[in-house]
Visitor: 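Starting off with a structure, shown below.
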2 protein chains.
Amino acid sequence: MFGNNKSILYFAITLVSVENTITKSSRIREKRKSSKIVKELNKYISVDCVIFGFDYDNLNVLLVDRTLNNDVNGEVLFSDMTLTGNHIYEDEKIEDAASRVLFDLTGLEGIYLEQFKTFANPDRISKPNDRAWLLNDGRDPNKRIVSIGFFALLATQDVTLEWKGRNVKWVPVNEVKELAFDHNDILDEALIALRNKLLQEPIGFELLPDKFTLSQLQKVYEIILGTELDKRNFRKKVARMKYLIPLDEKQKGVAHKPARLYMFSCDVYENTRKDIFGFIV
Amino acid sequence: MFGNNKSILYFAITLVSVENTITKSSRIREKRKSSKIVKELNKYISVDCVIFGFDYDNLNVLLVDRTLNNDVNGEVLFSDMTLTGNHIYEDEKIEDAASRVLFDLTGLEGIYLEQFKTFANPDRISKPNDRAWLLNDGRDPNKRIVSIGFFALLATQDVTLEWKGRNVKWVPVNEVKELAFDHNDILDEALIALRNKLLQEPIGFELLPDKFTLSQLQKVYEIILGTELDKRNFRKKVARMKYLIPLDEKQKGVAHKPARLYMFSCDVYENTRKDIFGFIV
DNA sequence: AATTCTTTGTGTACTTTATACACTTAAAGC
DNA sequence: GCTTTAAGTGTATAAAGTACACAAAGAATT
């Protein structure tokens, strides 16, 4: 019934019609006008977004500067970084809150976003800096805050960072220092979830531009899984994945033999995917 | 670095010493005295436990009867079922809250429990019955409640249900009718998470008694994955899993050839597991 | 125009795993 | 001792995993 069914349904797609049928998971990356209606924020529920960005060399995570100044003399009391996140509006779905955080930072919509874990232990706001930060912000550090963790995947070159006022930047995940609150834990769990997902479903392309080369895709796997892969074997493997559509188009402006470009076809994937596979079947 | 390393570390374990080194994931199923200190419950955060129980024929889920009577004449206003769950105490970790719910219902500790998803959308308490139920209970149905979903795995025969006052029972997952709140959604997501996990890591034995036969283990996979497996191929596959330890002991009291019993060795598993495996490596 | 540099793109032999398939054996109940 | 029931085992074929090396394409340099 499940299992590795070899005679799977397979939709033939000609190279001519490819551009029409291919989207990033049927969602489109585009800008929109911010049409946020100001409503009341829920004080107890927040979403934290671990926004991963790939730049061909590193897996990066988007971090926000958190600097607390002395009210009187302006002296810097401490300065560190946090993951991106926000409290949710009272009538807002949590997925929408995560999309909103992402949109406010990147101006992008429709990018890959997945809930991976929730953090709600009573001691998650216990460090002095965290308490001082919340107090300064008029919040009660003794109240438990539930943080629902999402991770997002995008190509760094697809995004021009825009966050009014606060400093936000890409940091390679293996260069991340001590973060605010329990954000190191959240990042660690996001990485675990990302690795698992990457081994389970074809989401590697979400970290690349719409058109990508096989070497770029291979690099995604190598960097995130921390392993080296053989080029020929990797290509043999992806050749079996009919949803990776070769285009009649090549890389431009590279000082070497230009590679063929590929796209991911969500349609083909949905129609050819095996139900489940892994440990036993 | 990762990948399918064939020369994996392997601890030889003789049949003589097996009983000492084998536990259910190093945790012990035992009873304890309830030592709950009554503290304040957080009104906004709850845990819902999808408690799965396997009985060799079905995958069951533990459900609680929810009947609302008219205060005046005692007439039954409605009667349906819910998943098991509770709000958390103000100083309690969410994993501890889930363990507590489980312990209160089953008297068991140390059983497999995993956070799988959080449910917090604003419309999750919108059905009239749900609102009436909360009102009757002195709670505000307009306040958003975050529910952190956990699933638990156990063998139904390991547990004698004990919940003072309220009716609680095992229901086969494919016979579950409409549940309270968004509990059908939660159950569906728990099933998806269970299937994924079952294909990813050896947790099937968590649904069986400590000592089990290979046919019982096979049945776990068949029922949960909804597929039929070939007996010889299944055994060939588990023969490679060194953490399934054959015992010098056989089934008793069965009207046919008794099967050899096996145990899961958490030690061997931890020492021989490949780091990650699946889609690409 | 020729040379260098860099990355692309391809094939084969071997090993391991997956799949399909049927009969004998052990114990209990009658 | 005969029947019933599930346990336990092997082989042949197909598919996938793994290890490994060199020619070709374009850009940059001389």
Side-chain angles (χ1 to χ4, degrees), chain A residues 1-8 10 56-57 199 202 208 211-222 225 227-242 244 246-262 272 274-281, chain B residues 1-8 10 56-57 199 208 211-223 225 227-242 244 246-262 272 274-281:
Chain A
M1 188 169 174
F2 296 103
N4 289 353
N5 183 0
K6 293 305 176 301
S7 58
I8 43 181
Y10 168 38
Y56 304 142
D57 289 317
L199 289 167
L208 294 169
K211 300 174 183 182
F212 51 86
T213 72
L214 293 187
S215 293
Q216 288 165 354
L217 187 62
Q218 184 178 336
K219 199 97 194 259
V220 167
Y221 285 94
E222 289 182 334
L225 302 179
T227 184
E228 290 209 344
L229 300 172
D230 179 84
K231 200 201 312 194
R232 278 175 288 190
N233 294 340
F234 181 79
R235 281 159 192 255
K236 223 185 299 178
K237 195 143 186 170
V238 299
R240 265 177 261 137
M241 303 170 183
K242 303 301 184 198
L244 280 184
L247 303 177
D248 271 344
E249 200 176 337
K250 299 195 168 194
Q251 256 183 329
K252 284 186 188 106
V254 285
H256 54 78
K257 177 173 175 177
R260 159 164 264 162
L261 294 173
Y262 286 75
T272 60
K274 306 169 190 89
D275 286 87
I276 37 178
F277 54 101
F279 190 56
I280 289 287
V281 292
Chain B
M1 189 169 171
F2 296 103
N4 288 355
N5 183 1
K6 294 303 177 302
S7 59
I8 42 182
Y10 168 40
Y56 304 142
D57 289 316
L199 289 167
L208 294 169
K211 299 175 184 182
F212 52 86
T213 72
L214 293 187
S215 293
Q216 288 165 354
L217 187 62
Q218 184 178 334
K219 199 96 193 261
V220 167
Y221 285 94
E222 289 182 332
I223 286 180
L225 302 178
T227 185
E228 290 210 344
L229 300 173
D230 179 84
K231 200 201 308 196
R232 277 175 288 189
N233 293 340
F234 181 81
R235 280 158 194 255
K236 226 183 296 178
K237 196 143 186 170
V238 300
R240 265 178 260 135
M241 304 169 182
K242 303 301 185 198
L244 280 184
L247 303 177
D248 271 344
E249 199 175 337
K250 300 197 168 190
Q251 257 184 329
K252 283 185 190 110
V254 286
H256 54 79
K257 178 172 175 177
R260 159 162 266 162
L261 294 173
Y262 287 75
T272 59
K274 306 167 190 92
D275 287 85
I276 37 179
F277 55 101
F279 190 55
I280 289 287
V281 293

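Everything numeric here is computed off the predicted structure, so don't read it as measured data. Every chain is numbered from 1, with letters handed out A, B, ... down the list of sequences.
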Visitor: Can you identify which nucleotide, out of D/dA25, C/dT8, D/dA7, has its nearest atom closest to the B/A259 side chain?
Guide: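 Minimum distance to the B/A259 side chain belongs to D/dA7.
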
Visitor: Would you indicate what B/R235 reaches in the nucleic acid, counting non-hydrogen atoms under 4.0 angstrom: base, sugar-phosphate, or nothing?
Guide: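 Base contact.
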
Visitor: Atom NZ of A/K231 and atom C1' of D/dA24: how far apart are they, to the nearest Å?
Guide: 12 Å

Visitor: Name the closest nucleotide to the A/A255 side chain, picking from D/dG17, C/dT8, D/dA28.
Guide: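 Output: D/dA28.
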
Visitor: Using side-chain heavy atoms (C-beta onward) and a distance below 4.5 Å, is A/K231 in contact with A/R235?
Guide: yes

Visitor: Whole angstrom is fine here: how far is it from CZ in A/R240 over to P in D/dT18?
Guide: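 Those two atoms, CZ and P, are 11 Å apart.
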
Visitor: Please give me the minimum heavy-atom distance between A/L229 and A/F234, naming the atom from each residue.
Guide: CD1-CD1, 3.9 Å

Visitor: Calculate the interatomic distance between B/K250 atom NZ and D/dA6 atom C1'; express it in whole Å.
Guide: 13 Å

Visitor: Has B/K237 got a side-chain N or O lying under 4.0 Å from the OP1 or OP2 atom of C/dA18?
Guide: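 Answer yes for this pair, as a side-chain N or O of B/K237 is under 4.0 Å from OP1 or OP2.
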
Visitor: With nearest nucleotides of DNA chain D determined for A/K257 and A/K236 from heavy-atom distances, which residue corresponds to the more 5′ nucleotide?
Guide: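 Its nearest nucleotide being more 5', the pick is A/K236.
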
Visitor: Looking only at heavy atoms, which two atoms of B/D230 and B/Q218 are closest? And how far apart?
Guide: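 Here B/D230 and B/Q218 meet closest at C-NE2, 4.1 Å.
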
Visitor: Which part of the nucleic acid, if any, lies within contact of B/S215, taking any heavy atom under 4.0 Å across all strands shown: a base, the sugar-phosphate backbone alone, or nothing?
Guide: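 The answer is sugar-phosphate, as B/S215 gets under 4.0 Å only of primed atoms, P, OP1 or OP2.
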
Visitor: Taking all atoms of both residues into account, what is the closest heavy-atom pair of B/R260 and B/L247, and its distance?
Guide: NE-O, 2.9 Å

Visitor: Can you measure A/N233 atom CG to C/dC14 atom P for me and round it to whole angstrom units?
Guide: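 Whole-Å distance recorded here is 16 Å.
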
Visitor: Rounded to whole Å, how long is the line connecting atom CZ of B/R260 with atom C1' of D/dT9?
Guide: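 One finds 14 Å between C1' of D/dT9 and CZ of B/R260, rounded.
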
Visitor: Whole angstroms only, please: what is the NZ-C1' distance between B/K252 and C/dA27?
Guide: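 Whole-Å distance recorded here is 14 Å.
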
Visitor: Just the rounded figure in Å: distance from P of C/dT8 to NZ of A/K219.
Guide: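 After rounding, the gap between these two atoms is 10 Å.
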
Visitor: Answer whether the closest heavy-atom distance between the side chains of A/Y56 and A/K219 falls below 4.5 Å.
Guide: no

Visitor: Quick check: on DNA chain D, is the nucleotide nearest B/Q216 upstream (toward 5') of the one nearest B/R232, or the reverse? Name the residue that is more 5'.
Guide: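 The residue whose closest nucleotide sits nearer the 5' end is B/Q216.
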
Visitor: From CG of A/D230 over to C1' of C/dG11, roughly how many Å is that when rounded to an integer?
Guide: 12 Å

